[in-house]
Q: 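Here it is, the structure in full.
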2 protein chains.
Amino acid sequence: MSLIAMLMSLPPAIDAQLKRDSGLNFFEYSILSQLSGAPGRRMQMARLAQMAGGTLSRLSHAASRLEERELVHRHLVTGESRCTELALTDAGMTFLEAAAPGHVREARRLVFDVLTPEQVAQVRDIAQSITTAASPEVARALREAIVASDRL
Amino acid sequence: MSLIAMLMSLPPAIDAQLKRDSGLNFFEYSILSQLSGAPGRRMQMARLAQMAGGTLSRLSHAASRLEERELVHRHLVTGESRCTELALTDAGMTFLEAAAPGHVREARRLVFDVLTPEQVAQVRDIAQSITTAASPEVARALREAIVASDRL
DNA sequence: TGGATCGACTTGAACATTCAAGTCCCGACT
DNA sequence: AGTCGGGACTTGAATGTTCAAGTCGATCCA
């Protein structure tokens with residue numbers, strides 16, 4: 001029951017802060033954030049969908065909304081992979097830089113500030129176990145992301 | 001990042017099982033489940049919304065859907081409180097009894113089976129802390145629910 | 001008595017996500 | 001060379017949630 005309560009309260013709280021301060025939902029924020037860390041600030045749609053944790057269809061709709069706001073733009077890649085890439089515009093980068101501190105502050109306030117360092121370590125292990133059981137796909141993307149961030 | 005991955009993977013997995021096997025989403029399941037445990041298998045809308053973790057508006061829409069399926073029915077309470085109650089029908093009770101085992105099994109599989117007993121205790125404390133920070137409302141409803149279940 | 005306000009809802013429109021096609025190109029098989 | 005299947009999207013409709021009114025008694029004063 002406690003876990004369910006957290007699942008019900010944390011994502012809405014995070015979303016509310018982003019929505020209020022930047023007019024983005026968490027998924028859209030994740031898209032911008034992932035793009036900002038990618039080489040050339042661009043990424044293939046399919047790969048981005050994996051990293052941001054959504055389906056291709058969801059990403060396609062979200063990309064359309066972000067494109068409307070000129071934070072992002074689509075770019076067809078010719079050549080052997082025949083795919084479309086999403087690229088962060090300069091305006092998008094600026095926008096993200098403005099949005100990030102508030103989001104980080106909220107994440108800190110709701111999670112890190114209320115947990116001891118041991119609990120932070122515990123929740124990492126627990127969350128990884130549950131994620132692996134619930135969605136091997138997401139778990140794999142997570143491991144990739146962790147490896148990538150370790151390289152920094 | 002691990003926590004985010006869990007937030008993204010667990011609810012969809014739970015929803016998917018319920019949807020596949022019973023055609024309910026988790027919120028609708030929660031409504032039926034709460035009603036089944038209430039005295040007289042009925043509860044005031046506003047109170048039910050709190051217990052099930054949603055807004056009144058969301059509950060009202062969901063109640064309409066469940067009423068369509070005759071799992072539940074609305075009942076205006078006259079008298080000093082002037083509110084509407086939602087009551088579980090016999091068909092609703094039967095339906096819930098059929099849906100519950102699969103849901104419980106899935107919850108066990110995705111959470112309890114992959115955690116040690118110590119981790120289960122850890123996640124309880126962690127989730128309560130985060131819930132309190134993210135939504136005092138939900139945290140209060142949770143405490144109430146815990147007290148209620150302790151009385152059994 | 002007569003508003004003003006409040007709580008408990010309901011409703012409909014706006015928005016986001018999912019779902020089921022549909023398109024387009026590529027590479028493999030025959 | 002032709003076509004079959006598959007990957008990478010896009011699109012539109014269906015579904016569910018949120019948001020902003022709107023309704024309807026009850027209660028609070030003045």
Side-chain angles (χ1 to χ4, degrees), chain A residues 7-9 11-20 22-31 42-69 72-87 135 137-138, chain B residues 7-9 11-20 22-31 42-69 72-87 135 137-138:
Chain A
L7 295 176
M8 283 177 351
S9 62
I14 294 282
D15 264 353
Q17 181 276 326
L18 279 172
K19 194 73 176 180
R20 180 165 37 76
S22 319
L24 295 174
N25 61 29
F26 183 69
F27 184 60
E28 291 164 340
Y29 179 86
S30 299
I31 291 168
R42 59 183 62 243
M43 211 185 285
Q44 214 186 98
M45 294 284 283
R47 178 159 174 66
L48 181 54
Q50 294 245 313
M51 304 303 302
T55 61
L56 199 43
S57 170
R58 187 183 180 188
L59 174 59
S60 184
H61 285 297
S64 299
R65 275 174 268 145
L66 293 172
E67 216 171 10
E68 200 93 351
R69 295 171 64 175
V72 110
H73 79 95
R74 278 181 167 94
H75 175 253
L76 261 89
V77 175
T78 63
E80 62 180 282
S81 53
R82 179 61 55 193
C83 60
T84 103
E85 281 186 348
L86 210 61
S135 165
E137 280 267 290
V138 173
Chain B
L7 295 176
M8 282 178 349
S9 62
I14 294 284
D15 265 352
Q17 182 275 325
L18 278 171
K19 195 73 175 177
R20 180 165 36 75
S22 320
L24 295 174
N25 60 32
F26 183 69
F27 184 60
E28 293 163 337
Y29 179 87
S30 300
I31 292 169
R42 61 183 61 244
M43 210 185 286
Q44 212 186 100
M45 295 284 285
R47 177 158 175 67
L48 181 55
Q50 293 245 312
M51 302 303 303
T55 62
L56 199 44
S57 169
R58 187 185 181 188
L59 174 59
S60 184
H61 284 297
S64 299
R65 273 174 269 144
L66 293 172
E67 218 171 11
E68 199 92 353
R69 295 171 65 174
V72 112
H73 79 96
R74 280 180 166 97
H75 175 252
L76 261 88
V77 175
T78 64
E80 64 180 278
S81 57
R82 180 65 53 196
C83 62
T84 103
E85 282 185 345
L86 209 61
S135 165
E137 280 269 290
V138 173

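Keep in mind the model is a prediction, meaning the values are calculated, not measured. The analysis underlying the following values was restricted to heavy atoms, covering all of them including side chains, and did not include hydrogens, waters or symmetry mates. Numbers restart at 1 for each chain; the letters A, B, ... are given by sequence-line order, proteins then strands.
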Q: In whole Å, what is the span from the CG atom of B:Leu24 to the P atom of D:dT17?
A: 12 Å
Q: Could you pull out all residues at least two apart from A:Ser60 that satisfy side-chain hydrogen bond (donor to acceptor under 3.5 Å, both in side chains)?
A: A:Arg74
Q: How many Å lie between CD on B:Glu68 and C1' on D:dA14, as a whole number?
A: 15 Å
Q: Does the side chain of B:Gln44 get closer than 4.0 angstrom to OP1 or OP2 of C:dG7 through an N or O atom?
A: no
Q: Side-chain donor-acceptor contacts of residues 11-20 of chain A below 3.5 Å, not counting sequence neighbours, with atom names and distances?
A:
residue	atom	partner	partner atom	Å
A:Asp15	OD1	A:Phe26	N	2.9
A:Gln17	NE2	A:Asp21	OD2	2.9

Q: Distances under 3.5 Å between protein N/O atoms and the N/O atoms of nucleotides 22-25 of chain D, please, pair by pair.
A:
residue	atom	partner	partner atom	Å
D:dG25	O3'	B:Arg82	NE	3.1

Q: In whole angstrom, what separates B:Glu85's CD from C:dA8's P?
A: 13 Å
Q: Measure the spacing between NE2 of A:His75 and SG of A:Cys83 and express it to the nearest 0.5 Å.
A: 10.0 Å
Q: Could you state the atom-to-atom distance from CE of A:Met43 to P of D:dA8 in whole Å?
A: 15 Å
Q: Checking side chain to side chain contact (heavy atoms under 4.5 Å, CB included) for the pair B:Leu24/B:Leu66: CA distance, chi angles, key distance, verdict?
A: CA-CA 9 Å; B:Leu24 295 174; B:Leu66 293 172; 4.0 Å; yes
Q: Go along nucleotides 11-21 of chain C 5' to 3' and tag each nucleotide: B for a protein heavy atom under 4.0 Å from its base, S when only backbone or sugar atoms are that close, - otherwise.
A: BB---SSBB--
Q: Could you state the atom-to-atom distance from CZ of A:Arg20 to P of D:dT18 in whole Å?
A: 17 Å
Q: Excluding sequence neighbours, so at least two apart, what forms salt bridge (Lys or Arg N to Asp or Glu O under 4.0 Å) with B:Arg42?
A: B:Glu85
Q: Going by atom type alone, with no hydrogens or angles, which donor-acceptor pairs under 3.5 Å involve a side-chain atom of residues 45-59 of chain A and a protein atom two or more places apart or on another chain?
A:
residue	atom	partner	partner atom	Å
A:Arg47	NH1	A:Glu144	OE1	3.4
A:Arg47	NH2	A:Glu144	OE1	3.4
A:Gln50	NE2	A:Glu137	OE1	3.4
A:Thr55	OG1	A:Arg58	N	3.1

Q: If you round to the nearest 0.5 Å, how far is CG of A:Leu86 from CD of A:Gln44?
A: 11.5 Å
Q: Quick check: closest heavy atoms across B:Ile31 and B:Ala62, and the distance to 0.1 Å?
A: CD1-CB, 3.8 Å
